[in-house]
Number of protein chains: 2
Amino acid sequence: MPSIAYVNGKFSPIEDAVVSVEDRGFQLGDGIYEVLRTYQGRLHAVEEHMRRLFRSLDAIGLKHAFTSAALEEIINDAVKRAGFTDSLVYLQITRGATKRAKVFPQAVPPTLVITVRKLELPTDAMRERGVAIMTADDIRWQRCDIKTVCLLPNVLASQRAAAAGCFEALFVEKDGTVNECASANVFIVASGVVVTPPLSTRILSGITREEVITLARKNGVPMEERRITLDDLLAADEVFLTGTTTEVLPVVKVNDRRIATGKPGPVTQRLHTLFRTLAD
Amino acid sequence: MPSIAYVNGKFSPIEDAVVSVEDRGFQLGDGIYEVLRTYQGRLHAVEEHMRRLFRSLDAIGLKHAFTSAALEEIINDAVKRAGFTDSLVYLQITRGATKRAKVFPQAVPPTLVITVRKLELPTDAMRERGVAIMTADDIRWQRCDIKTVCLLPNVLASQRAAAAGCFEALFVEKDGTVNECASANVFIVASGVVVTPPLSTRILSGITREEVITLARKNGVPMEERRITLDDLLAADEVFLTGTTTEVLPVVKVNDRRIATGKPGPVTQRLHTLFRTLAD
């Protein structure tokens, strides 16, 4: 089976996997999700992903009877059935399918969808040369800390970035505060210190973000969580992104501005090496 | 057939109507919608709804080959098949089903879903006595003028309002500016003038809102589109909501505050009567 889906207890090829047209995920964006990957067939940071998943469910008041152990078992089963060397796992939970109304339904079971596809990663060239990103006004809602499927603002920003030949869109507030990218967290290196925006309702608590912060601290790399402005970022010695498939990816250009020498920097490379040692 | 769905060319009972788990409407909120109703079996304001639908498609850059005439034909067919005295028509278009990625897909056809259900309306008691509404911080994204399915903020606010026994949630900015409700536009009557917030990226251009503005002007009722604060609203002589199923619905309580005498006012009743004469 090339790629696989699980929907409310049933496995099938992705092509055959469906949900009701009245699923609240489809009609109302009333759901949350996680994206995990495997390294050599083993799920990476599954406990952290499960913790964040349950935080998201709580944040939107989605009542359920899921347990971390039960979800992990289904995910592992799906990964085995798909049989890829390395897998990308997508998991989504919605507030179920029922006659459309914004108010929460009563006694409607949630929808659980899991898909497993072959993992696709940034190319070696992107890792070696770094990527370009493009800024976007951060017009998203005020609870970007919740990993919901209401991703249209991210879709539109990502599309504009891609149309300009950029790998990612970087959300920046009107006052110049840098938040995060459409699918990744952002870090800079300035005067030998690694800096990333602190957790707030404007950014998602990235699993890789946390891992990189911990790795930096363990390995004596000066690390701060504090506000970054676009000016700070443009003047930085290094800029990099973190994410589940992105890992630690150097950024060498922001809009039409080159970052430092326009080449990936040593701190980014060191953190990526440390990350791969941890993950592999 | 009690209630009916149409999905990409195929009619079925709603219970059997499905979309792919990889539909971008389900995974990314990457779609837009319209809600229409019939009066005595005839679609109301279908041209206005179609115009707004195409504006929404344009606003999210969704490429398609739909025409207003073709969509109207399908909707009318669905309404006839369902055969209710009066119908609620839900129409949703998404950027299609394909391997998940935020960037727009190439050569993937959009998904078109239409459902027809029996129309359910506010009760006579609600019309006669008026309803209570509850304020909510407007934490939505900055493009509320686009009718997208990314409705989680509306879902959460509606649920909090319903839990407090209220009919609707009213989105208010931090500075006290009143925008709109989770599913309706809002109007006040103050010193004999009907006032509603002007169109902006913070509110949806309601079809009933436009009809009521036009009706007021035609019938010599003083009417202004200008900023309303929560203080203006609490001090108003009358408050009412407009929407496709709401029509013109009196509000008599906001949070724990009674509006004027706590009874529906004469201007609201007059505008509702004028609206029904137009619609019926």
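Here the structure is a predicted model, which is why all the values come from computation and not from measurement. Letters A, B, ... are given to chains in the order of the sequence lines, protein chains preceding strands, and every chain is numbered from 1.
The candidate from A/K99, A/R160, A/R140 with the greatest count of non-hydrogen atom pairs under 4.5 Å with chain B is A/K99. When the candidates A/V103, A/V19, A/D16 are compared by the number of heavy-atom contacts under 4.5 Å with chain B, A/V19 comes out ahead. Of the listed residues (A/S183, A/A163, A/G31), the one with the most heavy-atom contacts under 4.5 Å to chain B is A/S183. Between chain B and the options A/D137, A/I60, A/L88, A/D138, the largest number of non-hydrogen pairs under 4.5 Å is found for A/I60. Counting heavy-atom pairs under 4.5 Å between each of A/T111, A/V21, A/T94, A/T148 and chain B puts A/V21 at the top. Put simply, of B/K102, B/E22, B/E15, B/R143, the one with the most heavy-atom pairs under 4.5 Å next to chain A is B/K102. For the options A/A97, A/S158, A/A101, A/G61, heavy-atom pairs under 4.5 Å to chain B are most numerous at A/S158.
The pair A/E247-A/R127 meets the salt-bridge criterion, with a side-chain N (NZ, NE, NH1 or NH2) lying under 4.0 Å from an Asp/Glu carboxylate O. The pair B/E34-B/R52 meets the salt-bridge criterion, since a charged nitrogen lies less than 4.0 angstrom from a carboxylate oxygen.
Residues B/Y90 and B/V35 meet the side-chain proximity criterion, which asks for heavy atoms closer than 4.5 Å. Here the side chains of B/L204 and B/K147 are in contact, with some heavy-atom distance below 4.5 Å. In this structure, A/R202 and A/F171 have side chains that are not in contact, with every pair of non-hydrogen atoms separated by 4.5 Å or more.
Across B/D86, B/T85, B/N76, a single residue satisfies side-chain hydrogen bond (donor to acceptor under 3.5 Å, both in side chains) together with B/T38, and that is B/D86.
For chain B, the nearby part of A/R24 is the side chain; its heavy atoms alone come within less than 4.5 Å. Contacts of A/Q92 with chain B are made by side-chain atoms alone, with heavy-atom separations under 4.5 Å and no backbone atom involved. For a residue to count as touching a neighbouring chain, one of its non-hydrogen atoms must lie under 4.5 Å from one of that chain's; by this rule A/D23 touches chain B with the side chain only. With a 4.5 angstrom heavy-atom cutoff, B/N154 touches chain A via backbone and side-chain atoms both. If you measure heavy-atom distances from B/V7 to chain A, the contacts under 4.5 Å come from the side chain alone.
Annotation: cation-pi pair B/R95/B/F104 present, NZ/CZ under 6.0 Å from the ring centroid and within 45° of its normal.
Within residues 112-121 of chain A, the residues approaching chain B closer than 4.5 Å by heavy atoms are, in numerical order, A/V113, A/T115, A/R117, A/E120.
Judged purely by distance below 3.5 Å, without hydrogens or angles, the side chains of A/D145 and A/T201 never pair a donor atom with an acceptor atom.
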